[in-house]
Amino acid sequence: MSLVLFDTLRRDKVPFEPREAGSVSMYVCGPTVQSDAHVGHGRLAVVTDVLRRYLAFSGLTVTFVQNVTDIDDKIIMRARREKVDPAVIATRYTRAWNRSMDLLNIQPPDIQPLATGHLLEMQALIQELIDQDKAYAVDGDVFFRVRRFEGYGKLSRRQVDDMQQGDDVVDSDRKEDPLDFAMWKSAKPDEPSWPSAWGDGRPGWHIECSAMAVKHLGEGFDIHCGGLDLVFPHHENEIAQHEAAHGGTFARHWVHNGMVRMGEDKMSKSVGNVVALDEALATWGLGPMRLWYLSAQHRTPLTFDTERLRDASTVHQRFTTFVRSARQIVSDDTSPDVSVADPHRAAFIAVMDDDLNAPAAVAALHELVSDGNDRLKKAAAGDQAEQQAVLALADLLVELADRVLGIGIDDWLGEAAALEARIGPLVEGLLDARKQARADRDFETADAIRDQLTATGVVVEDGPDGATWYVAAPLPDPTPDA
RNA sequence: GGCGGGGUGGCCAAGUGGUAAGGCAGAGGACUGCAAAUCCUUUAUCACGGGUUCGAUUCCCGUCCCCGCCUCCA
């Protein structure tokens, strides 16, 4: 394994060196469960999922932790609007999140810690900081003294003195310094709260990740992931809380993904331009969605629009078509000729090792498919060597696209096959009629039958040995906004 | 204002100090009754102006434009 990752802290690509040879610990900032996942969340999920899969593919044992923020201002506000307990909201959207992640073919976390399940760990960390005079309690709130941590700003490359001393700082009357941030918030009427040494209250946002990451992965865990928009203040504060209290290194590598854009704007709840992830998946399908997510390097912005999703759908068709064709013409007793596939495997690995260059990795798969398609004709004619080559290429495509990139080609072909089995007799009957029509040179009838089948998603292809057919993934009609 | 990222063919998108992967779309051709799928051919001097260099799209400086963060945010 010679993976190189761009590390936000060092602002450079650095060789990935795990804390412990052979295993990797990953922590990913999870959702605040207050509404449905949107397409932007999906990007974080896919980027971290592919990183995780690639590490495992490279032979490492991965421990993947993603938290759930189940107590937060927005959850409380939503609960008030709906007149239910905040826990109802948190439970509902935790379930929804997990379901959406399943639909996106995201491997579930090994550990999914809840903020509300780690009050003791958070309080212990806060107390430690107070004991060290790096935090202070005021009227039941506890704030972190930013200026007492000399490393503050190292992740986001900010100088403490340059930071905007905003006018709209919350709790500015109680903070010693406007830059200080809350780790514990005193209970307000009708809010969920937990007892603490500083009075009843609830945790601030940043403290949960510092506490839970170290609780489940230990200090100096390998990779911390999150959206680029979390670099400051969230990740900066996570580092500050842990390193101010314990010294050492909080996380060894920081991987951040770029934002999804709608037109020129970031897709976000506050802008109000979000598209629900489930809705996008229902429209476009898993394979096209994941290929779209992988169509740009993970740190650059990615625009969600119809044209790009259609491109991704076309790519998905090309990949699945090749695998289907290869499997159709290869006889059962054929064994794959791996030597043909190996250069493609090496090309894929080379670019993935380079900071997970997914667009280049997909390009490598395209070259694999081109190679395979090129051999298809001879293989179909019975050339044994070419059959072995084609089989190896199809196997490799499925291995890389599915196991590493999570595109789900095999699953899709399986679904299509099930459908084909069910409608087979019907289609065969129509094709018999069409065959007769063609023999009679009645092309009008023949084409009408084919058009009808096409309209229902059945692709008919005429070959030297008669017509073959299969169920194709439907391409959605073009709509203004995906 | 501070910090960071970016401007590559019609569109998307990699990449490199020695004249630029891959995909989509388009055009032409092969195959086909016509299609579909597939194959072949075909389209760029890399925002602009300087500089360094034998040579820059790739390094440096400046200009213009776009985006993100600086408040909740994947």
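In what follows, every chain begins at residue 1, and chains take the letters A, B, ... in the order their sequences are listed.
A:Val315 comes within 4.0 angstrom of the backbone, heavy atoms only, and of no base. Residue A:Leu230 is in sugar-phosphate contact alone, with no base atom involved, counting any heavy-atom pair closer than 4.0 Å across all strands shown. Nucleic acid contact for A:His38: base, since at least one base atom lies under 4.0 Å from a heavy atom of the residue. Residue contacts for A:Gly40: at a heavy-atom cut-off of 4.0 Å it reaches a base atom on one of the strands shown. Among the atoms of the strands shown, none is found under 4.0 Å from any heavy atom of A:Gln159. Within the nucleic acid shown, A:Ser270 comes within 4.0 Å of at least one base atom, counting heavy atoms only. Residue A:Gly42 is classed as having no contact, given no heavy-atom separation below 4.0 Å to the nucleic acid. Residue-level contact check: A:Ser156 touches the backbone only, with heavy atoms under 4.0 Å from sugar-phosphate atoms and none from bases. Residue contacts for A:Phe443: at a heavy-atom cut-off of 4.0 Å it reaches a base atom on one of the strands shown. A:Thr321 comes within contact range of the sugar-phosphate backbone alone, with a heavy-atom separation under 4.0 Å but no base atom that close.
A:Trp469 and A:Glu428 share a side-chain donor-acceptor pair at under 3.5 Å. There is no side-chain donor-acceptor pair under 3.5 Å between A:Arg157 and A:Thr8. Residues A:Asp440 and A:Gln436 bring a donor and an acceptor atom of their side chains to less than 3.5 Å of each other.
Where A:Ser325 and A:Arg299 each meet RNA chain B at their nearest nucleotide, the meeting point lying more 5' is that of A:Arg299.
Across all non-hydrogen atoms, the minimal contact from A:Ile409 to A:Ala401 is CD1-CB, 3.7 Å. For the pair A:Phe304 and A:Met289, the tightest heavy-atom approach, listed with the atom from each and the gap, is CE1-SD, 4.4 Å.
For the pair A:Asp72 and A:Arg78, the salt-bridge criterion is not met [side-chain N within less than 4.0 Å of a carboxylate O]. Using a cut-off of 4.0 Å between Lys/Arg side-chain N and Asp/Glu carboxylate O, A:Asp102 and A:Arg99 are scored as not salt-bridged. A salt bridge links A:Lys13 to A:Asp354: one of the charged nitrogens lies within less than 4.0 Å of a carboxylate oxygen.
Comparing the C1' positions of B:C12 and B:C54 gives a spacing of 36 Å, expressed to the nearest Å. Remark: the separation of the P atoms in B:C64 and B:C72 is 32 Å, to the nearest Å. Using atom C1' as the reference point in both B:U57 and B:G49, the two lie 15 Å apart (nearest Å). To the nearest whole angstrom, the two C1' atoms, one in B:U32 and one in B:G18, are 47 Å apart. Here the separation of B:A44 from B:C31, taken at their P atoms, is 29 Å to the nearest Å. Comparing the P positions of B:C61 and B:U71 gives an interatomic distance of 29 Å, to the nearest angstrom. A distance of about 9 Å separates the P atoms of B:A14 and B:G7, rounded to the whole Å. B:G29 and B:A20 are spaced 29 Å apart, taking the P atom of each and rounding to whole Å.
One interatomic measurement links the two molecules: NE2 of A:His298 to P of B:A14, which rounds to 11 Å at whole-angstrom precision. Regarding A:His235, its NE2 atom lies at a distance of 14 Å from the P atom of B:C72, rounded to whole Å. Rounded to whole Å, the distance from CG on A:Asn257 to P on B:A74 is 11 Å. Rounded to an integer number of Å, the gap from A:Phe348 CZ to B:G22 P is 18 Å. Rounded to whole Å, atom P of B:A13 lies 19 Å from atom CG of A:Leu365. Rounded to whole Å, the distance from CG on A:Asp311 to C1' on B:G26 is 13 Å. Separating the CG atom of A:Leu291 from the C1' atom of B:G23 is a distance of 11 Å, rounded to the nearest angstrom. What separates CG of A:Asp180 from P of B:U71 is a distance of 14 Å, to the nearest Å.
Across all strands shown, B:G9 has no partner, as no Watson-Crick or G-U wobble contact with both distances under 3.5 Å is found. In this entry B:C72 has no Watson-Crick or G-U wobble partner, no candidate having both defining distances under 3.5 Å. B:A36: no Watson-Crick or G-U partner with both key distances under 3.5 Å is found in any strand. Applying the Watson-Crick and G-U wobble criteria (two distances, each under 3.5 Å), B:U53 pairs with nothing in any strand.
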Please assess A:Phe64 against A:Tyr27 for the test ring pair (Phe, Tyr, Trp, His ring centres under 6.0 Å), listing each intermediate value before the final yes or no.
CA-CA 6 Å; A:Phe64 188 102; A:Tyr27 184 87; 9.2 Å; no

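A:Arg308 has a side-chain polar atom (N or O) that falls below the 4.0 Å cut-off from OP1 or OP2 of B:C12. An OP1 or OP2 oxygen of B:C31 is reached within less than 4.0 angstrom by no side-chain nitrogen or oxygen of A:Lys377. Side-chain nitrogen and oxygen atoms of A:Asn373 include none within less than 4.0 Å of the OP1 or OP2 phosphate oxygen of B:A37. At least one side-chain nitrogen or oxygen of A:Lys266 sits closer than 4.0 Å to the OP1 or OP2 atom of B:C69. Regarding contacts with the backbone of B:G22, every side-chain N or O of A:His366 stays at 4.0 angstrom or more from both OP1 and OP2.
Looking at the side chain of A:Arg157, the nearest of the listed nucleotides B:C3, B:A74, B:C39 is B:C3. For A:Gln297, the side-chain atoms get nearest to B:A14 when compared with the rest of B:A14, B:G23, B:C72. Of the candidate nucleotides B:C69, B:A74, B:G23, B:A74 has the atom nearest to the side chain of A:Leu44. Candidate nucleotides B:C24, B:A74, B:G33 were compared by shortest atom distance to the side chain of A:Val260, and B:A74 ranks first. Distance from the side chain of A:Pro359 is smallest for B:A13 among the nucleotides B:A13, B:C24, B:G22. The A:Arg158 side chain lies nearest to B:C69 when the options are B:G15, B:C69, B:G23. Out of B:A21, B:C70, B:A74, the shortest distance to the side chain of A:Ala363 is found at B:A21.
Looking at A:Ile75, A:Asp73, A:Thr69, A:Asp70 one by one, the single match for side-chain contact (heavy atoms from CB on, under 4.5 Å) with A:Gln34 turns out to be A:Ile75.
The aromatic rings of A:His316 and A:Trp412 sit tilted relative to each other, their planes meeting at an angle between 30° and 60°.
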What N/O pairs connect the protein and nucleotides 34-36 of chain B at under 3.5 Å? Give each pair on its own line.
residue, atom, partner, partner atom, Å
B:C34, O2, A:Arg450, NH2, 2.6
B:C34, N3, A:Arg450, NH1, 2.8
B:C34, N3, A:Arg450, NH2, 3.1
B:C34, N4, A:Arg450, NH1, 3.3
B:C34, N4, A:Asp462, OD2, 2.9
B:A35, N6, A:Asp462, N, 3.4
B:A35, N6, A:Asp462, O, 3.0
B:A35, N1, A:Asp462, N, 3.0
B:A35, N3, A:Arg450, NH1, 3.0

